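Below: the structure, in structure tokens.
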Amino acid sequence: MSRTKKEVNADGFTVKALMRNSVVARPPPTGVFKQRPSKPTAFRTYYERRELPIAVDHNSRGKNIAWKVDIDKLDYQYYLPLLFHGLCETEYPYELLARQGIHDMLERGGSKILPVLPKLIIPIRNAMNTKNHQVMCSTLRILQYLVMSADDVGVALVPYLKQILPVFNLFKNKKRNLGDAIESRRDRESIGDLIEETLEILEHYGGPDAFKQIKSMIPTYSPA
């Protein structure tokens with residue numbers, strides 16, 4: 001009478017895994033796409049202290065913001081980075097105030113934007129590294145607008161791409177038709193398509209070195 005050998009659980013790439021009766025365990029999930037919780041930002045702290053010249057415009061049912069001072073008189077070196085730190089926010093009204101505030105300042109900033117660019121890289125990178133669908137999509141659209149907001153911003157951004165493109169490379173294939181859970185969020189916007197669009201804008205406005213830099217970080221990048 002033959003005996004049935006008991007199965008043995010084993011980790012992959014071990015001696016035990018080579019035994020006939022071994023059952024190799026699946027590798028644990030890497031968690032590379034897992035959202036990272038964001039701590040309250042400096043933007044929220046300053047807003048709650050009433051140290052920012054913006055507020056929700058209640059006459060517009062909370063869909064717009066009201067500036068307490070003339071945007072043209074703002075210190076861009078101080079206020080624009082603070083608003084960019086607010087890109088990590090997902091709660092109302094902080095999300096609305098940060099994103100709309102950035103849009104308004106970029107729209108009116110002109111030559112004031114380029115000198116502030118180095119201070120915006122870390123907030124952009126932090127927002128992308130949250131791996132939160134809502135935050136990433138908003139940040140990508142803000143990045144597009146930033147590049148097109150003033151002369152030479154796209155060219156000046158090229159040396160900093162190494163700091164922000166790693167997450168692009170990770171999520172560039174996250175397209176809506178893949179059926180991934182990350183695309184079932186509020187607006188069902190495709191991160192992969194938005195990344196592709198952003199890369200093309202970065203290349204277009206980034207001058208002769210932009211394509212080389214993008215390609216070195218994202219080897220599969222191929223503009224349409």
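Quick caveat: nothing in here was measured; it's all calculated off a predicted structure.
More than 12 heavy-atom neighbours from other residues, nucleotides or ligands sit within 6.0 angstrom of CD1 on Ile201. Annotation for Lys68: atom NZ counts as buried by contact number, over 12 foreign heavy atoms lying within 6.0 Å.
Nearest heavy-atom pair across Tyr79 and Pro53 is CE2-CD, 3.5 Å. Pairing each heavy atom of Gly206 with each of Val158, the nearest pair is O-CG2, 3.3 Å. Taking both residues in full, the closest heavy atoms of Pro123 and Pro81 are given as CG-O, 4.3 Å, listed atom of the first, atom of the second, then distance. Scanning both residues, Leu114 and Val153, for their nearest heavy atoms gives CD1-CA, 4.0 Å. Residues Ala55 and Tyr47 approach most closely at CA-OH, 4.3 Å, considering heavy atoms. Residues Gln77 and Pro115 approach most closely at NE2-O, 3.3 Å, considering heavy atoms.
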Checking Ile195 against Ile218 for the side-chain contact (heavy atoms from CB on, under 4.5 Å) test, could you report, in this order, the C-alpha distance in whole Å, the side-chain angles of both residues, the deciding distance, and whether it holds? CA-CA 11 Å; Ile195 285 175; Ile218 306 177; 5.5 Å; no
Please lay out, stage by stage, how Arg44 and Glu91 fare under the test salt bridge (charged side-chain N to carboxylate O under 4.0 Å, His left out). CA-CA 10 Å; Arg44 180 186 294 215; Glu91 296 180 8; 3.5 Å; yes
Determine, step by step, whether Ile65 and Val56 satisfy the side-chain contact (heavy atoms from CB on, under 4.5 Å) criterion, reporting the C-alpha distance in whole Å, the side-chain angles of both residues, the deciding distance to 0.1 Å, and the verdict. CA-CA 5 Å; Ile65 68 173; Val56 176; 5.7 Å; no
So Tyr221 and Asn169, side-chain contact (heavy atoms from CB on, under 4.5 Å) or not? Walk me through it. CA-CA 9 Å; Tyr221 171 68; Asn169 197 31; over 6 Å; no
Go through the steps for Arg108 and Asp70 under the test salt bridge (charged side-chain N to carboxylate O under 4.0 Å, His left out), then give the verdict. CA-CA 10 Å; Arg108 302 272 291 274; Asp70 186 345; 3.4 Å; yes
Stepwise side-chain contact (heavy atoms from CB on, under 4.5 Å) check, Leu161 with Leu157: CA-CA 7 Å; Leu161 292 181; Leu157 189 61; 4.2 Å; yes
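Between Leu165 atom CG and Leu199 atom CG the span is 6.5 Å, to the nearest 0.5 Å. Atoms NE2 and CG, from His103 and Leu106 in turn, are 8.0 Å apart once rounded to the nearest 0.5 Å. A distance of 9.0 Å separates CZ of Phe84 from CD1 of Ile121, quoted to the nearest 0.5 Å. A distance of 10.0 Å separates CG of Leu74 from CG of Leu52, quoted to the nearest 0.5 Å. Rounding to the nearest 0.5 Å places CD of Glu48 at 10.0 Å from CZ of Phe43. With rounding to the nearest 0.5 angstrom, the OH atom of Tyr78 is 4.5 Å from the OH atom of Tyr46.
Note: the hydrophobic cluster containing Ile122 does not contain Leu82 (ILVMFWY, side chain heavy atoms under 4.5 Å, direct or indirect links). If you chain together hydrophobic residues whose side chains sit under 4.5 Å apart, Leu120 and Ile71 fall into the same group.
A distance-only check finds no donor-acceptor pair linking the side chain of Asp152 to the backbone of Val155 [under 3.5 Å]. Under a 3.5 Å cut-off, the side chain of Ser138 and the backbone N or O of Val135 do not form any donor-acceptor pair. Under a 3.5 Å cut-off, the side chain of Lys112 and the backbone N or O of Asp72 do form a donor-acceptor pair. At least one donor-acceptor pair under 3.5 Å links the side chain of Thr45 to the backbone N or O of Thr41. Remark: side-chain polar atoms of Tyr76 are paired, donor with acceptor, to backbone N or O of Met105 under 3.5 angstrom.
Donor-acceptor pairing under 3.5 Å is lacking for the side chains of Gln134 and Thr90. A donor-acceptor contact closer than 3.5 angstrom is absent between the side chains of Lys162 and Gln213.
Partner of Gln144 under the side chain to side chain contact (heavy atoms under 4.5 Å, CB included) criterion, chosen from Leu194, Leu202, Thr139: Leu194. Of the candidates Glu196, His204, Glu197, Glu196 is the only one forming a side chain to side chain contact (heavy atoms under 4.5 Å, CB included) with Glu200. No option in Ile54, Leu97, Ile142 other than Ile54 meets the side chain to side chain contact (heavy atoms under 4.5 Å, CB included) test with Leu83. Partner Phe171 forms a side chain to side chain contact (heavy atoms under 4.5 Å, CB included) with one of Lys131, Met128, His133 and no other, that one being Lys131.
Within the 4.5 Å cutoff, no side-chain heavy atoms of Pro40 are placed close to those of Tyr94. No side-chain heavy atom of Ser149 sits less than 4.5 Å from a side-chain heavy atom of Glu107.
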